[in-house]
Amino acid sequence: MDPVISRIRQELESQADPQIQQTSKRFFKDDIACYGMKTASVMALAKKYWKEIKHREKQEIFALCEELYRTGYLEESFIVSNWAHALSGRYKREDLAVFRRWIDTYISNWASCDGFCNHTMGDFIEQYPEYTAELKQWTQSGNRWMRRAAAVSLIIPAKHGKFLSEAIEIADLLLTDSDDMVQKGYGWLLKEASRQHQAEVFTYVMQNKKEMPRTALRYAIELMPKEMKADAMKKDHLSEKK
């Protein structure tokens with residue numbers, strides 16, 4: 001084990017708070033492993049150790065990230081998300097294979113998924129937009145976190161008005177997904193896209209609301225005016241999905 005990883009784990013263990021641990025677990029339906037620390041404290045730790053490792057070769061930093069991921073601890077996944085994003089100026093196309101494997105192998109909850117995909121994957125896709133095609137492939141994965149990743153990787157670009165057609169296509173591919181974590185993911189993507197493209201997202205929702213699960217629909221229209229929300233939520237047919 002790299003000495004840096006040993007020191008990080010010692011600090012995580014020394015700052016662990018059983019009360020925060022119990023509170024944190026309430027945010028997840030499934031069991032998670034966590035030390036019990038506030039996110040701000042974990043980020044401060046990540047930045048502290050980033051100063052020590054940032055001059056290493058990228059592949060060596062990737063290896064450190066993988067070592068952190070292997071424990072399955074929430075806080076260690078947050079450190080990976082921070083470090084991987086800090087490398088954004090050094091991304092190459094071949095890094096996608098690493099990121100894909102990490103999501104498929106190590107991510108097991110919504111917080112780790114969003115922390116990694118919003119920033120690292122979001123920046124990667126902005127640098128290499130042709131890989132939105134890969135995100136569309138992820139929508140067909142048997143892994144719920146890969147499917148959620150397909151949507152949440154575009155959250156930040158969509159917030160700034162980018163990738164509207166890709167966001168709509170990904171929503172289309174995930175439209176009837178039965179997993180609530182996936183529904184919330186693509187609903188959130190549509191919500192962020194609506195900041196700059198309200199009319200287009202509203203049109204999409206109205207065209208698809210009979211098939212769209214209510215969870216996804218509610219997320220998608222969250223930022224819209226009351227009248228639009230009322231129209232979108234109106235049950236036109238008894239057979240409409242709840």
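Reckoned from all heavy atoms, side chains included, excluding hydrogens, waters and symmetry mates. Each residue takes its place number in the sequence, starting with 1.
- Annotation: side chain to side chain donor-acceptor pair (under 3.5 Å) contacts involving residues 148-160, sequence neighbours excluded, comprise Asp114-Arg148.
- At a threshold of 4.5 Å between non-hydrogen side-chain atoms, the residues Asp172 and Tyr204 count as touching.
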Next item on the list: Show the numbers, then the answer: is there a side-chain contact (heavy atoms from CB on, under 4.5 Å) between Leu217 and Val205?
Entry: CA-CA 7 Å; Leu217 192 151; Val205 169; 4.2 Å; yes
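- Atom CD of Glu130 sits in a crowded spot, with more than 12 heavy atoms from other residues, nucleotides or ligands closer than 6.0 Å.
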Which atom pairs, donor and acceptor, lie under 3.5 Å between side-chain atoms of residues 191-198 and protein residues at least two apart or in another chain?
{"from": "Glu192", "atom 1": "OE1", "to": "Arg195", "atom 2": "NE", "distance (Å)": "2.5"}
{"from": "Glu192", "atom 1": "OE1", "to": "Arg195", "atom 2": "NH2", "distance (Å)": "3.4"}
{"from": "Glu192", "atom 1": "OE2", "to": "Trp188", "atom 2": "NE1", "distance (Å)": "3.2"}
{"from": "Ser194", "atom 1": "OG", "to": "Lys191", "atom 2": "O", "distance (Å)": "2.6"}
{"from": "His197", "atom 1": "NE2", "to": "Gly161", "atom 2": "O", "distance (Å)": "3.1"}

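- Between the side chain of Tyr186 and the backbone N or O of Leu175 there is at least one donor-acceptor pair closer than 3.5 Å.
- A search for side chain to side chain donor-acceptor pair (under 3.5 Å) contacts involving Glu166 returns nothing, not counting sequence neighbours.
- A single hydrophobic cluster is not seen to contain both Met181 and Leu173; linkage of ILVMFWY side chains at heavy-atom distances under 4.5 Å, directly or through other members, places them apart.
- Side chain of Arg214 to main chain of Met233: a donor-acceptor pair is present (N/O by atom type, distance under 3.5 Å, no hydrogens or angles).
- Of the possible donor and acceptor atoms, one in the side chain of Asn143 sits under 3.5 Å from a partner among the backbone N and O of Asp104.
- In this structure the side chain of Phe163 reaches within 4.5 angstrom of the side chain of Thr132, judged on heavy atoms.
- Proximity of Arg56 to Val4: side-chain heavy atoms (C-beta onward) are separated by under 4.5 Å at one or more points.
- For the pair Cys113/Val152, a side-chain contact is recorded, criterion being any heavy-atom separation below 4.5 Å from C-beta on.
- Judged purely by atom type and a 3.5 angstrom limit, Lys25 has no side-chain atom pairing as donor or acceptor with the backbone of Asp31.
- Using bins of under 30°, 30° to 60° and over 60° for the plane-to-plane angle, the ring pair Phe99/Trp102 lands in the tilted bin.
- Linking Ile, Leu, Val, Met, Phe, Trp and Tyr whenever their side-chain heavy atoms come within less than 4.5 Å puts Tyr91 and Ile61 in one cluster.
- The aromatic ring centroids of Trp83 and Tyr49 lie 6.0 Å or more from each other.
- The aromatic rings of Phe28 and Trp110 sit parallel to each other, their planes meeting at less than 30°, with 60° as the upper class boundary.
- Judged by distance alone, with hydrogens and angles left aside, the side-chain atoms of Lys209 form a donor-acceptor pair with the main-chain N or O of Lys234 at under 3.5 Å.
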Please table the atom pairs, donor to acceptor, closer than 3.5 Å between any side-chain atom in residues 74-81 and protein atoms at least two apart or in another chain.
{"from": "Glu75", "atom 1": "OE1", "to": "Tyr35", "atom 2": "N", "distance (Å)": "2.9"}
{"from": "Glu75", "atom 1": "OE2", "to": "Tyr35", "atom 2": "N", "distance (Å)": "3.0"}
{"from": "Glu75", "atom 1": "OE2", "to": "Gly36", "atom 2": "N", "distance (Å)": "2.8"}
{"from": "Glu75", "atom 1": "OE2", "to": "Met37", "atom 2": "N", "distance (Å)": "3.4"}
{"from": "Glu76", "atom 1": "OE1", "to": "Arg9", "atom 2": "NE", "distance (Å)": "3.0"}
{"from": "Glu76", "atom 1": "OE1", "to": "Arg9", "atom 2": "NH2", "distance (Å)": "3.0"}
{"from": "Glu76", "atom 1": "OE1", "to": "Thr71", "atom 2": "OG1", "distance (Å)": "3.3"}
{"from": "Glu76", "atom 1": "OE2", "to": "Arg9", "atom 2": "NE", "distance (Å)": "3.1"}
{"from": "Glu76", "atom 1": "OE2", "to": "Tyr35", "atom 2": "OH", "distance (Å)": "2.6"}
{"from": "Ser77", "atom 1": "OG", "to": "Leu74", "atom 2": "O", "distance (Å)": "2.6"}
{"from": "Ser77", "atom 1": "OG", "to": "Ser112", "atom 2": "OG", "distance (Å)": "2.7"}
{"from": "Ser81", "atom 1": "OG", "to": "Ser77", "atom 2": "O", "distance (Å)": "3.2"}
{"from": "Ser81", "atom 1": "OG", "to": "Phe116", "atom 2": "N", "distance (Å)": "3.3"}

Notebook entry, point to check: Under the side-chain contact (heavy atoms from CB on, under 4.5 Å) criterion, do Arg100 and Gln137 qualify, and how do the steps go?
Noted result: CA-CA 11 Å; Arg100 181 199 307 121; Gln137 291 175 19; over 6 Å; no
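- Take Trp138 and apply the side chain to side chain donor-acceptor pair (under 3.5 Å) test, not counting sequence neighbours, and it matches Glu134.
- Looking at Gln127, its side chain does come within 3.5 Å of a backbone N or O of Ser88 through a donor-acceptor pair.
- Around atom NZ of Lys58, more than 12 heavy atoms belonging to other residues, nucleotides or ligands sit under 6.0 Å away.
- With sequence neighbours excluded, the residues forming a side chain to side chain donor-acceptor pair (under 3.5 Å) with His85 are Asp123, listed by chain and number.
- For Glu57, the CD atom is loosely surrounded, since the number of other residues' heavy atoms within 6.0 Å does not exceed 12.
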